[in-house]
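A quick write-up on the structure given underneath.
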Amino acid sequence: MQSGNTRYWICQLVGWGSFALTNTFFAFSFDQLSNGFFSRLGIFILLGIVFSHIMRMLIIQTGILQTSLNKQIVVFSLIILSFALIGSSVNVETLAWFKLLKRDELELLKRPQVSFWVSKLLLIVYSAFFYFLLFFIWCLIYFVYHYVAKSRKQQLDTLQLETLVKELELQTIKAHINPHFIFNSLNSIRALVDENPERARRAITELSNILRSSMQADKSESVSMSRELDIVKDYLALENMRFEDRLRIEYRIDPETLSLPVPPMMLQTLVENAIKHGISKQIQGGVVKIVSTVNGGFHELTVQNTGYLNGQINNEARPDDATGKGFGLSSTTNRLHLLYGNKAKFEIKQSTPSLVEARVQIPVGLADH
């Protein structure tokens, strides 16, 4: 607020000072620097500063700038006209008091065919024209400045709101991912408790490693591929205890991709979906293959699993329609859109008669964002 007032007074002094210099220049050029010129100019400018400041106070107190544009135009016009007449009246009276009226102005007041008050009124109207013109310019600058400032503030507020909404959406998605993952893992452990307590204890250790990694991953919008892969390996080690020989795991990881950033828990979500909707429904089990490569400027993450895709093949960017129910894959699409816009791609399809493939493509240049 203090900086705003300082800026306002600087603009006041610069504006009225420029008017004074302009008048002085033209008066000097046309040899009009008569006695009393600077006194008259000083009174005119001093009254201009005082009354324009009062106008500003009135504008702020009445909240005119918060009303509709049509109302602002009407109110500003009335304010300018009123203050021009008031300022001109005070200016004429002040000049008369200090005996600074020009000869032609004195002659106008002394005309016998015109009454004194009519002559003074004409003099006030004449002087009011100049005040009206200057106050109009002053209000126009004031209005434009606040209009631009308001527009910039609205744009900033909109950007901040969009950022907040984006963060809240991402947090909401994460809040769905973690319980979804935990409940499935606990079900896996429960299946082992009676069958093999020793394996159940090992499974709890694996789960604790996964939870520790997932909680750390929640602190950022991206993690390295190597860290994400560690979480996936812990998860698959846990699931392998439940499925045993029914689950076969294959990796094809390009070492250059291990340092690339990926959204946390995204690869794990794809793997979990592959087991839940693919391997668990096959009596003989099947294979889960994880591939990480760089292709055409994109970091490609591919998860293949034995199984069959519900609905039409090659359903791009509509994972829930492709796999039936399941929040995990829809959250993958939402997260990619929020983080990378339309530059990231997600596709799930039936790549072979017995193999389902989910593929994520993240632009390498934008992955750090």
*Nearest 0.5 Å please: distance from the CD1 atom of Ile290 over to the CD atom of Gln268.*
10.0 Å

*Does the side chain of Gln12 pick up a donor-acceptor pair with the side chain of Trp16 at under 3.5 Å?*
yes

_Under the criterion side chain to side chain contact (heavy atoms under 4.5 Å, CB included), I'd like the reasoning laid out for Thr293 against Arg252: C-alpha separation, chi angles, the key distance, then a yes or no._
CA-CA 8 Å; Thr293 60; Arg252 186 162 68 85; 4.0 Å; yes

*With a 4.5 Å heavy-atom cut-off, do Ser39 and Leu95 have their side chains touching?*
no

_One pair to check against side chain to side chain contact (heavy atoms under 4.5 Å, CB included): Arg7 and Tyr145. What are the steps and the verdict?_
CA-CA 12 Å; Arg7 186 163 52 247; Tyr145 171 81; 3.1 Å; yes

*asked:* Listing request: all ring-ring contact (aromatic ring centres under 6.0 Å, His included) pairs with a residue in residues 44-74, at least two apart in sequence or in separate chains.
replied: Tyr8-His53, Trp9-His53, Phe19-Phe44, Phe44-Tyr131

*Where the side chain of Gln282 meets the backbone of Val287, is there a donor-acceptor pair that is under 3.5 Å apart?*
no

*Side-chain heavy atoms under 4.5 angstrom apart, residues restricted to Ile, Leu, Val, Met, Phe, Trp, Tyr: same cluster for Ile10 and Leu13?*
no

*Output the distance between atom CZ (Arg246) and atom CZ (Arg248), rounded to the nearest 0.5 Å.*
11.0 Å

Which donor-acceptor pairs under 3.5 Å do the side chains of residues 74-83 make with protein atoms, sequence neighbours left out?
residue, atom, partner, partner atom, Å
Ser77, OG, Ile73, O, 2.7
Ser82, OG, Leu78, O, 2.8

_Phe136 side chain reached by Ile141 side chain, heavy atoms, under 4.5 Å_ = no

_Looking at every heavy atom in both Asn91 and Ser127, which two are closest together, and how far apart are they?_
ND2-OG, 3.5 Å

_As an exercise, state the distance from CD of Glu228 to NZ of Lys233, rounded to the nearest 0.5 Å._
12.5 Å

*Kindly say whether Leu355 contributes a backbone atom to a donor-acceptor pair with the side chain of Ser351 at under 3.5 angstrom?*
yes

*Using the side-chain contact (heavy atoms from CB on, under 4.5 Å) rule, pick out the option among Val303, Val360, Val262 that qualifies with Leu267.*
Val303

*Run the numbers on Leu301 and Met266 for side chain to side chain contact (heavy atoms under 4.5 Å, CB included), then give the verdict.*
CA-CA 10 Å; Leu301 286 172; Met266 187 184 67; 3.9 Å; yes

*Is any side-chain heavy atom of Asn240 less than 4.5 Å from a side-chain heavy atom of Tyr235?*
no

*Could you work out the complete set of other residues in the hydrophobic cluster of Phe25, with links drawn between I, L, V, M, F, W and Y side chains under 4.5 Å apart?*
Phe26, Phe30

_Less than 4.5 Å apart, side chain to side chain, heavy atoms only: is that true for Ile59 and Tyr142?_
yes

*Side-chain contact test, heavy atoms from C-beta onward, threshold under 4.5 Å: evaluate it for Phe143 versus Leu65 and give yes or no.*
yes

_Stacked cation flag Lys289 on Tyr251, 6.0 angstrom / 45 deg_ = no

*How long is the span from the CD atom in Gln361 to the CG atom in Leu336, to the nearest 0.5 Å?*
10.5 Å

*Taking the side chain as C-beta and beyond, is there a heavy-atom pair between Tyr308 and Lys281 under 4.5 Å?*
no

*Rounded distance (nearest 0.5 Å) linking atom OG1 of Thr306 with atom CD1 of Ile275*: 11.5 Å

*Please assess Phe346 against Leu270 for the test side chain to side chain contact (heavy atoms under 4.5 Å, CB included), listing each intermediate value before the final yes or no.*
CA-CA 11 Å; Phe346 175 55; Leu270 298 179; 3.9 Å; yes

*State, with a plain yes or no, whether a side-chain heavy atom of Glu239 is found less than 4.5 Å away from one of Glu272.*
no

*asked:* Just by distance, no angles: are the side chains of Ser292 and Thr257 close enough, under 3.5 Å, to form a donor-acceptor pair?
replied: yes

*Roughly how far, to the nearest 0.5 Å, is the CG atom of Leu101 from the CG atom of Leu123?*
6.5 Å

*asked:* Closer than 4.0 angstrom, basic N to acidic O: yes or no for Glu357 and Arg359?
replied: yes

